[in-house]
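Worth knowing before you read on, the calculation uses all heavy atoms, side chains too, and leaves out hydrogens, waters and symmetry mates.
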2 protein chains.
Amino acid sequence: MTHPRPPQPRLRADARRNVEGIRQAALDVFRTSGLTTPLDEVAKAAGVSKGTIYHRFGSRRALIDAVVDDLVAERLRDIIEAVEALDDPLARFEDYLLRMWLLQYDEPAANDVLTRVLPDSVQLTTLCDKANRFGRRLLEEAQAAGAIRPDLTPADLTYLILERGAALRACAGQSRADYARRLDFLLHGLRSWPRPA
Amino acid sequence: MTHPRPPQPRLRADARRNVEGIRQAALDVFRTSGLTTPLDEVAKAAGVSKGTIYHRFGSRRALIDAVVDDLVAERLRDIIEAVEALDDPLARFEDYLLRMWLLQYDEPAANDVLTRVLPDSVQLTTLCDKANRFGRRLLEEAQAAGAIRPDLTPADLTYLILERGAALRACAGQSRADYARRLDFLLHGLRSWPRPA
DNA sequence: AGATTACTTGACTCCATAGTCAAGAAATGT
DNA sequence: ACATTTCTTGACTATGGAGTCAAGTAATCT
């Protein structure tokens, strides 16, 4: 509850160093272990005490907000960009889902964001909404083209992502290849009915 | 670490009453809230102190073992029986999966058992293995009949159950109807390729 | 260099849950 | 009805993580 950083015109040198160090440490630690990692580990990685994190950032949530963009936003942008480059509505929709699901596998932190395993924050909500809206558009288009089952709803799409996150957290050990193979089953189930691969 | 009950020839009257009361309370509490509910709640429901539970049963795991059969075994037997009554291999396989998935929705405790969210115990392991073996048999038969994708492995089948458990725990609010509708997507994805409903 | 102010620290509180145990309560045997 | 034995209790310890704060340390200003 000290200074969440807006009023101070300039931090002292050591404080500036620490803010940066903590950000980097948080990036590292969260990237590899997800957003639920205890702050003590971030502190240790930054060579700083837990108290310092709280003084510099104010709360766990604020620290997450400070790194979530670097952690996830770019990945989402990449996905959107890659998908936009495709033409076929079915390919666009399936590629989108597949890339999201693989992102969830590859980056525990991204998974935590997409599945909201954490105190809500404006940043996070904005990110999720953005991805959601994009996905819904793709869904509509694929359905309009008759490629995806018409009874698949936008809410179902959200669930497909949420569930994957929970599934991943629960079944940790699976290889990426197995994981991807299983995703294929899921995609098949969403296609409009008789249609060659 | 007192007496896990085998040596004593006969408990005192109040102890016998309590054992039964605790079992009933555990059944109730676990049934509605899953096997991860704190033992204090079972104690409260039984009108007994937590210490008594430990004295009578020895550990959390032992208490679970003492009720898991009543909690789950019969449901599994029902499923197996209902499925055995069917003829078509595809119908058998899909009915089995669907019933398992709905059991997971209907009974949090059964879900906890099937997904092993708890200290391993012989009882539990036995139950899971039994269901697993049955499912694998159905899978083989459905694949032999050409009704289910040949690249679906027994391990995949296990994952389908495990994942559903995690998904359920994570996405609590969904209605049974929505849940069932989504299961249909999953089933579709497992079918051998061009085949009418 | 000394005074001032900003910053850091780690020991502390708080919460929730598993599991334990000495002391008191209650059933049983005679 | 009392001695004996069994049982119950609730306060206690332990664990692990979030968040706080008084006291000590170090940058900065003059």
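Rounded to an integer number of Å, the gap from A/Arg17 CZ to D/dT25 P is 17 Å. Distance, B/Leu39 CG to C/dT20 P: 12 Å, rounded to whole Å. Rounding to whole angstrom units, CD1 of residue B/Ile22 and C1' of D/dT8 are separated by 10 Å. Between A/Arg10 atom CZ and D/dA27 atom P there is a gap of 15 Å when expressed in whole angstrom units. Across the protein-nucleic acid pair, B/Lys44 atom NZ and D/dG10 atom P stand 14 Å apart, rounded to whole Å.
With C/dT28, C/dT8, D/dA18 as the choices, the nucleotide that has an atom nearest any side-chain atom of A/Asp40 turns out to be D/dA18. In this structure, the nucleotide among C/dA27, C/dT9, D/dA18 sitting nearest to the side chain of B/Ala13 is C/dA27. When the nucleotides C/dA22, D/dC7, C/dT9 are ranked by their closest atom to the side chain of B/Leu11, D/dC7 comes out on top. Across C/dT17, D/dT6, D/dA27, the shortest atom-to-atom separation from the side chain of B/Pro38 is found for C/dT17. When distances run from any side-chain atom of B/Asp14 to the nucleotides C/dA27, D/dT9, C/dT9, the shortest one goes to C/dA27. Checking D/dT8, C/dA26, D/dA18 against every side-chain atom of B/Thr52, the shortest atom distance belongs to D/dT8. Among the nucleotides C/dT8, C/dC21, D/dG19, the one closest to the side chain of A/Ala15 is C/dT8.
A donor-acceptor contact under 3.5 Å links the side chain of B/Lys50 to the base of C/dG19. For C/dT20, its base never sits under 3.5 Å from the side chain of B/His55 at any donor and acceptor pair.
Closest-nucleotide positions on DNA chain D for A/Thr36 and A/Gly51 were compared, and the one nearer the 5' end corresponds to A/Thr36. Place B/Thr37 and A/Val48 on DNA chain C by their nearest nucleotides, and A/Val48 ends up nearer the 5' end.
For the residue pair A/Thr115/A/Arg164, the side-chain donor-acceptor check at 3.5 Å is not satisfied.
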query: Going through the checks in order, is the salt bridge (charged side-chain N to carboxylate O under 4.0 Å, His left out) test met by A/Asp156 and A/Arg149?
result: CA-CA 12 Å; A/Asp156 292 339; A/Arg149 291 175 59 145; over 6 Å; no
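In this structure, A/Arg56 reaches the C/dT8 phosphate: one of its side-chain N or O atoms is under 4.0 Å from OP1 or OP2. Phosphate contact (OP1/OP2 of C/dC7, side-chain N/O of A/Arg12, threshold under 4.0 Å): absent. Between A/Tyr54 and the phosphate of D/dT20, there is no side-chain N or O to OP1/OP2 separation shorter than 4.0 Å.
Note on B/Lys44 versus B/Asp40: no salt bridge recorded, every NZ/NE/NH1/NH2 to OD/OE distance being 4.0 Å or above.
There is a path of hydrophobic side-chain contacts, each under 4.5 Å, that joins A/Leu187 to A/Leu114.
Proximity of A/Asp106 to A/Asn111: side-chain heavy atoms (C-beta onward) are nowhere separated by under 4.5 Å.
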